[in-house]
Amino acid sequence: MNSTIQNIYFRSDQAKAYTLLSPALILVIFAMAAPMIVMIFTSFNTQISMIEIDRTFTTGRYEDFFSKPIFSMLLFRSVKISFFVTLLTLVTTYPLAYYIAFYVKKNKMLWIVLMTLPFWTSYLLRVFSWRVILGNKGVINSALMGTGMIDEPLGFLLYNQAAVIITLSHAWAAFAILPLYVSLDKIDKSLLEASYDLGNTKFETFWRVTFPLSLPGVIGAILIIFIPTVGDYVTPQLVGGTDGRMLSNMIQSLFGRANNFPLGAASAVLMLTTVCLIAALVTYITKKVSMRMS
Amino acid sequence: MSIKNYIKIKNLSKSFGDVEVLKNINLEVEEGEFFSLLGPSGCGKTTLLRILAGFEYPSEGEVFFDDTNVTSLPPNLRPSNMVFQNYAIFPHINVQRNIEFGLRKENLSKDEMQQRVENALKMVQLEGYENRYSNQLSGGQRQRIALARALVKQPKVLLLDEPLGALDKKLREEMQIELRNLQKSLGITFIFVTHDQEEAMTMSDRIAVMDEGNILQVSPPKEIYHNPKNKFVSQFIGNINILGAKIKSVSNENLLIEVDCFGSIQLKNYQQIIENDRINIAIRPEEITISKISDSNYDYNFQGNVKNISFYGESTYFYVQLNNSDKILMVSKNETKEPFSENDNCFVNFSSNNLKIIKD
């Protein structure tokens, strides 16, 4: 009997796969799926008092979300800020990853480690350091005033959406470099030579061969940056001011001072849905566009 | 019409850091010639090909295509195309687009482009593969697509970097013949890099044998086989027995030598200039016969013992240890009328006019 079970087990690749997956699977079920289900259920409830929640099913919170323009506006702003964060991060990190992949011959790992070095400090510390740089008495303003180029500090540097975008894209840069570097480093150099040989300049080769082949890394970087930054609430709180507030700050306060768990949950569900749709769309479009380009 | 030299390489050297990989190369290749660069790995043959393609620039010297100096011209502006060792088929686009890849800039109409692609696929016998991707092709098919992609550009020179290296023996032999036929019908110059001497011998009009950054000999295959210029070339091309010898006396055109394992041998009609009294004597395995009793058709007969036998189907190699000598002689035989087994005693027979003096 025992041996038959063993036999079945050792012959089934599926059984073996699930065994290997089980630690991760258990974690995902209890730490992700379960809270997610609780949140979705909560989003269909009603908060009656500070501590009481009416558990009867209602779509009222979703109606609240769409009837108050502030919510849609914040959701749109979250997506917009993340879009620019993603764009800025890609534009700044792609050349770095490209340089390491194609021009650094020795000690590539050292370069990667050096680039991620700033990210060994705490996230909060890095956000604060941008306040030090952009603030009224910060590095930029002091320098400009010290040299006499301006008389009063430039107020527009901090507490707005631009500050949020700069801070977030710096905070997430390390996560973009890695997938970009991996996909670029994987590209067979003889493909680039084949392209030159077939009459293309370096610039044309980049757009016809290098970039399309690095797309898995680009898509990876986009998703890795876009998804978490849409939901970030620390950075907008510290450097965003009122202009830089995002939907996540609203959600945070709904689960905190405003004390409306169901509306907070509904907002979170809608944000999640939006992010998923955008991620799917981005993946689809990038693939289509890359087919066109080459 | 005289055949002109299409490619000229003058006093070319190339160093990577302190390592000199090509040393003062001078070479001319005729238009429409199938020319092979042959040598062991690390001899500089691939670097020379890459210099012709424009991927590397020489440290010194010049390269001319059709009397135009192309030494510093980038690869995209040269009238040459390359077939890469690993084929370098673009994995993100299908076969059709791979072949069109180099035609984008030629301002062809859609119909012309389609026609060129179709012709190229027909040439390599892969019609109907337009929509396949690289990972859906076998090694041999990838090799053909790489060939089609280069030839569709109608280059003046096709550069091939060990293109058959990754194929199995049977397919490699088929492709050798196909490549040769293709080259003849198109009439363009092929520069073919290989470390496989058989491949070079079967396909080439001329072969350049390279070692350690030098070109040792440039000759047609037969010439290289029968008159190798030095020991390295003779050993690299085919099998050969190299024996040490000493000169005893020179008279007119006759030379009396003392071969280490044979003793005194008289060489007639000898015209080479001898610089040294220690020389190398070479003889090919097929120029020696093996027999049970001494064969009087040959000037020299020696007794020995069969140590090993390698059977290749069309021929058999016998490794014969000569009596009173450590030297093992390689002897090949096409048929086996007198079957030998290992440890049999035998005679090896040869004529002195098959012995050649070879430089170090």
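Numbers restart at 1 for each chain; the letters A, B, ... are given by sequence-line order, proteins then strands. Just so it is clear, the structure is predicted and the values come from calculations on it, not from any experiment.
- By the 6.0 Å contact criterion, CD on B:Glu20 is enclosed, its count of non-hydrogen atoms from other residues, nucleotides or ligands being greater than 12.
- For B:Leu103, no part sits under 4.5 Å from any heavy atom of chain A, backbone or side chain.
- With a 6.0 Å radius and a threshold of 12 heavy atoms from other residues, nucleotides or ligands, A:Tyr233 has its OH atom at or below the threshold.
- Contacts between B:Phe84 and chain A at a heavy-atom distance below 4.5 Å involve the side chain alone, from C-beta outward.
- Contact residues of residues 169-193 of chain A toward chain B are A:Asp188, A:Ser190, A:Leu191, A:Glu193 (heavy-atom distance under 4.5 Å).
- By the 6.0 Å contact criterion, OH on A:Tyr18 is open, its count of non-hydrogen atoms from other residues, nucleotides or ligands being 12 or less.
- The two residues A:Leu213 and B:His92 make their nearest non-hydrogen contact at CD2-ND1, 3.6 Å.
- Of the candidates A:Asn200, A:Thr201, A:Asp197, B:Asn76 forms a side chain to side chain contact (heavy atoms under 4.5 Å, CB included) with just one, namely A:Thr201.
- Within the 4.5 angstrom heavy-atom criterion, only side-chain atoms of B:Asn86, from C-beta onward, approach chain A.
- Residues A:Glu204 and B:Lys105 form a side-chain contact, since some pair of their non-hydrogen atoms from C-beta on lies under 4.5 Å apart.
- The interface of residues 151-169 of chain B with chain A, defined by heavy-atom distances below 4.5 Å, comprises B:Lys153.
- In this structure, no portion of B:Arg78 lies under 4.5 Å from any heavy atom of chain A.
- Under a cut-off of 6.0 angstrom, the local environment of OH in A:Tyr98 is crowded, with over 12 non-hydrogen atoms contributed by other residues, nucleotides or ligands.
- Atom CZ of A:Phe76 has 12 or fewer neighbouring heavy atoms from other residues, nucleotides or ligands inside a 6.0 Å radius.
- A distance of 4.0 Å separates CZ of A:Arg208 from CZ of B:Phe101, quoted to the nearest 0.5 Å.
- Inter-residue side-chain proximity for A:Ser195 and B:Phe90 is flagged as met; some heavy-atom pair is nearer than 4.5 Å.
- The local environment of CD in B:Glu60 is sparse, with at most 12 non-hydrogen atoms from other residues, nucleotides or ligands closer than 6.0 Å.
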